[in-house]
2 protein chains.
Amino acid sequence: MTGAAVFDAARPRYSKLIEVATELFSSNGYEGTTIRQIAGAMGVKSASLYSHVGSKADILREIVLDVAREFTESAIAAKAQASTGEEELRALCRAHMRVMTGRAGAVVVYFHNWRKLNTEYQREIVSLRRRYEGFFRVALRKAIEDGSYRPVDVARSVRVLLGALNWTYEWHSPKRRLSAEALADEILGVIVAGLRRERP
Amino acid sequence: MTGAAVFDAARPRYSKLIEVATELFSSNGYEGTTIRQIAGAMGVKSASLYSHVGSKADILREIVLDVAREFTESAIAAKAQASTGEEELRALCRAHMRVMTGRAGAVVVYFHNWRKLNTEYQREIVSLRRRYEGFFRVALRKAIEDGSYRPVDVARSVRVLLGALNWTYEWHSPKRRLSAEALADEILGVIVAGLRRERP
DNA sequence: CCTACCGATCGGTAGG
DNA sequence: CCTACCGATCGGTAGG
């Protein structure tokens, strides 16, 4: 909930740099953005950036790891407020879509560029993802155990759910009136209800 | 089924160029790949590429439009072989996953870079996509009308389905034994069955 | 935060 | 397909 790009009031120029770089990376790509463009958008010369950051790759790493951690933090907060498995799963989906829409630029940068990080940071991302998917699996398992949901293949169902949620970055425009919560409920609703007619 | 990168035996060097560029763009990104890298992988000097292609942007356009058209062509072929709506939807999902896995490199390049095309070609992509999603909507509507499926929100369900299918490029490794068809059936199966317990 | 500058490399062209 | 080369621009550094 409090990523460096949002908070970090102690280093306002650094925060501004990350914010500006996020927007440029998300629309022009990482390699398609130059240090001079970032500096220009901040109203300084390119050499001045290097007093705040060590290299261009450091900027990418900061953006990607920050938003990946934010997904995890917001999921932990969401879990804490739910009691049943069904509630927990819905809370996780809503939290996921809040990050997706609230940090849309950083999310695109994350999805498109996390594999460009060095091995160490890629491993951290993979580890964060695994844990994150685990939250969804636990919630679904709880909902199955208390009889709300059928005994489905948990890992498979979670992958379908997260795939559908993640892909919204490709078509959902923030201008639409649909809130993050409504979007999450719609998608989860499709998967909960299923297409098949109930046999009476 | 017969994209230029696969066929085009009349211009073998051009095909090779597109094939090599596809692999490099998919692993290093479009801006992260240089003309010299592409030439190097073909065993020629960079200047030699310009007898086959007008610019670097032309290479990207060729890859992206080719795979986008292949999705459409393969969907048309799949439709033709199905009779009921349920069969048609399954055939469309399987065809989709065959392109996803068979042209994995080009698919990544497409997903990550189609917005870098100029307005004209972006419009063509959007138009191809709209038509493509239409195929899925028609099939689902047929399955609802013949009573196989519940009267769900068709547009919403198709978006969830295609999102789940498309997102597989992020986690599905071709080394796994799972075929494109099995993967498609799994994902469609989750959405068809749904999570909710049938009330007896 | 700046000026001044570095070597390296970029996409692309001329002219065979 | 090559050699030779172009101007522009890249990420980054030195030294205030």
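Both key distances under 3.5 Å define a Watson-Crick or G-U pair, and stretches of 3 or more such consecutive pairs in DNA chain D run C:1-16 with D:1-16.
Of the possible polar contacts, one joining the N113(B) side chain to the V109(B) backbone as a donor-acceptor pair under 3.5 Å is found. In terms of modelled atom types and a separation under 3.5 Å, the side chain of E87(A) and the main chain of S83(A) share a donor-acceptor contact.
Every pair passing side-chain hydrogen bond (donor to acceptor under 3.5 Å, both in side chains) that includes a residue from residues 27-51 of chain A is listed here, sequence neighbours excluded: E31(A)-K116(A). Within the structure, side-chain hydrogen bond (donor to acceptor under 3.5 Å, both in side chains) contacts touching residues 130-145 of chain A (residues at least two apart or in different chains) are E88(A)-K142(A), H96(A)-Y132(A).
At least one side-chain heavy atom of F25(B) sits less than 4.5 Å from a side-chain heavy atom of I59(B).
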> Which letter, B, S or -, goes with each nucleotide of nucleotides 1-12 of chain D from 5' to 3', with contact meaning a protein heavy atom under 4.0 Å?
Replying inline: BBBB-----BBB
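In terms of the salt bridge (Lys or Arg N to Asp or Glu O under 4.0 Å) criterion, residue partners of D153(A) (sequence neighbours excluded) are, by chain and number, R156(A). Considering only residues two or more places apart in sequence or on other chains, H172(A) meets the side-chain contact (heavy atoms from CB on, under 4.5 Å) condition with T101(A), T168(A), R176(A), L178(A), L183(A).
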